[in-house]
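Working notes, structure below.
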Amino acid sequence: MTKYSTELKIEIVSKYLNHEDSIKGLAKQYNIHWTLIRRWIDKAKCQGLAALSVKHTKTTYSSDFRLNVVRYYLTHSIGVSKVAAKFNISDSQVYNWSKKFNEEGYAGLLPKQKGRPRKVPKKSKKTTKKLELSEKQKYEEKILKQEAELERLRVENLVLKKVAARYPRYPTNKKHN
């Protein structure tokens with residue numbers, strides 16, 4: 001069971017979108033943290049009010065969908081909550097998928113075997129198999145990592161330019177008395 005019903009979410013978001021109250025005002029009125037209301041609003045703006053409906057079934061996502069989400073997150077500097085709203089998934093999924101991709105690459109986004117591992121006889125040695133990727137998957141992983149690095153460098157360059165514009169250095173060719 002979810003904490004907030006679909007009707008309550010739609011009511012709160014509708015009040016905000018109809019300019020009846022601010023986010024902070026709605027947060028006080030309903031005793032809900034303002035960041036949660038902000039997420040609902042972002043989701044409704046991207047996907048419509050239907051995206052606020054409570055899901056009662058567990059959704060499984062393909063590895064291609066996960067890769068697309070991670071690619072979008074790494075190549076756009078808009079934050080986890082905006083990406084989650086765009087794809088109608090939770091913030092934690094975006095965060096976890098990007099973390100797994102950074103640690104394990106594309107293999108981290110592939111579905112894992114569920115359940116308890118089989119008992120192995122004591123005499124046999126444990127063999128850990130590393131998940132092998134196809135050439136296409138390795139190539140996609142390499143491209144995505146390069147795109148993410150490029151975006152990170154663009155943002156870093158932009159920040160450095162803003163800092164340099166805000167704090168210009170004194171000309172070095174001045175003569176001191």
Side-chain angles (χ1 to χ4, degrees), residues 1-106 108-112 114 141 143-169:
M1 179 162 189
T2 59
K3 191 169 183 177
Y4 302 107
S5 69
T6 303
E7 293 80 20
L8 178 68
K9 292 178 187 179
I10 291 173
E11 178 184 337
I12 292 172
V13 171
S14 297
K15 282 186 178 183
Y16 176 79
L17 293 176
N18 294 331
H19 306 291
E20 294 178 24
D21 207 348
S22 67
I23 293 177
K24 299 275 182 163
L26 290 167
K28 279 186 180 179
Q29 181 182 353
Y30 290 95
N31 196 23
I32 299 173
H33 200 270
W34 67 271
T35 56
L36 186 56
I37 295 174
R38 167 55 69 193
R39 278 190 223 136
W40 294 342
I41 291 169
D42 288 342
K43 189 177 272 192
K45 284 181 179 178
C46 289
Q47 303 285 330
L49 291 175
L52 298 175
S53 65
V54 178
K55 299 171 188 164
H56 295 288
T57 59
K58 184 177 177 181
T59 307
T60 56
Y61 301 100
S62 69
S63 54
D64 290 333
F65 177 78
R66 293 176 185 197
L67 181 64
N68 288 336
V69 171
V70 170
R71 176 178 286 133
Y72 190 86
Y73 173 66
L74 293 175
T75 57
H76 295 78
S77 300
I78 60 173
V80 173
S81 60
K82 300 273 186 186
V83 173
K86 179 174 176 29
F87 289 98
N88 197 14
I89 56 177
S90 70
D91 298 4
S92 61
Q93 286 174 318
V94 176
Y95 175 77
N96 288 335
W97 292 345
S98 62
K99 183 178 175 185
K100 281 186 177 185
F101 180 80
N102 287 335
E103 291 173 356
E104 303 172 33
Y106 186 73
L109 301 177
L110 296 174
K112 303 285 189 271
K114 303 262 181 185
E141 178 181 338
I143 288 174
L144 184 54
K145 285 185 178 182
Q146 288 175 345
E147 287 174 348
E149 178 69 11
L150 180 64
E151 182 64 22
R152 188 188 66 76
L153 291 173
R154 281 184 185 145
V155 170
E156 187 178 309
N157 190 19
L158 183 65
V159 168
L160 290 174
K161 284 181 181 178
K162 285 185 178 182
V163 168
R166 181 175 260 178
Y167 302 106
R169 295 184 181 176

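The structure presented is a predicted model; accordingly, all values stated were derived computationally and were not measured. Atom set for the values below is all heavy atoms of this structure, side chains included, hydrogens, waters and symmetry mates excluded.
For the atom pair CZ of F65 and CG of L109, the computed distance is 11.5 Å after rounding to the nearest 0.5 Å. Distance CG/L74 to CG/L67: 9.5 Å, rounded to 0.5 Å. Between L158 atom CG and R154 atom CZ the span is 11.5 Å, to the nearest 0.5 Å. Atom OG of residue S53 and atom NZ of residue K9 lie 8.0 Å apart, to the nearest 0.5 angstrom. In this structure, NZ in K100 is found 10.5 Å from CG in L110, a value given to the nearest 0.5 Å. Here the CH2 atom belonging to W97 is positioned 6.0 Å from the OH atom belonging to Y61, to the nearest 0.5 angstrom.
Under the 4.5 Å side-chain criterion, counting only non-hydrogen atoms from C-beta, R38 is in contact with I23. The closest side-chain heavy-atom distance from V13 to I10 is not below 4.5 Å. Inter-residue side-chain proximity for F87 and R66 is flagged as unmet; no heavy-atom pair is nearer than 4.5 Å. Residues I78 and Y72 have side chains in contact (heavy-atom distance under 4.5 Å, counting atoms from C-beta outward). Within the 4.5 Å cutoff, the side chain of V159 has no heavy atoms near those of the E156 side chain. Between R71 and N68, the closest side-chain pair of non-hydrogen atoms falls below 4.5 Å.
The heavy-atom pair separating A84 from D91 by the smallest distance is CB-OD1, 3.2 Å. Considering all non-hydrogen atoms of both residues, P111 and S63 come closest at CD-CB, 4.5 Å. Shortest non-hydrogen contact noted between L26 and I37 is C-CD1, 3.9 Å. The two residues E141 and G105 come nearest to each other via the heavy atoms OE2-CA, 3.2 Å. For the residue pair D21 and Q29, the shortest heavy atom distance occurs at OD2-OE1, 3.6 Å.
N102 contributes a side-chain N or O that, together with a main-chain N or O of S98, makes up a donor-acceptor pair within less than 3.5 Å. Without hydrogens or angle criteria, E147 side chain to T75 main chain gives no donor-acceptor distance under 3.5 Å.
Note: Y4 and W40 meet the aromatic proximity criterion, with ring centroids under 6.0 Å apart.
The neighbour count for Y30 OH, taken as heavy atoms of other residues, nucleotides or ligands under 6.0 Å away, is above 12.
Using a 4.0 Å cut-off between a side-chain N of Lys or Arg and a carboxylate O of Asp or Glu, E149 and K145 do not qualify as a salt bridge.
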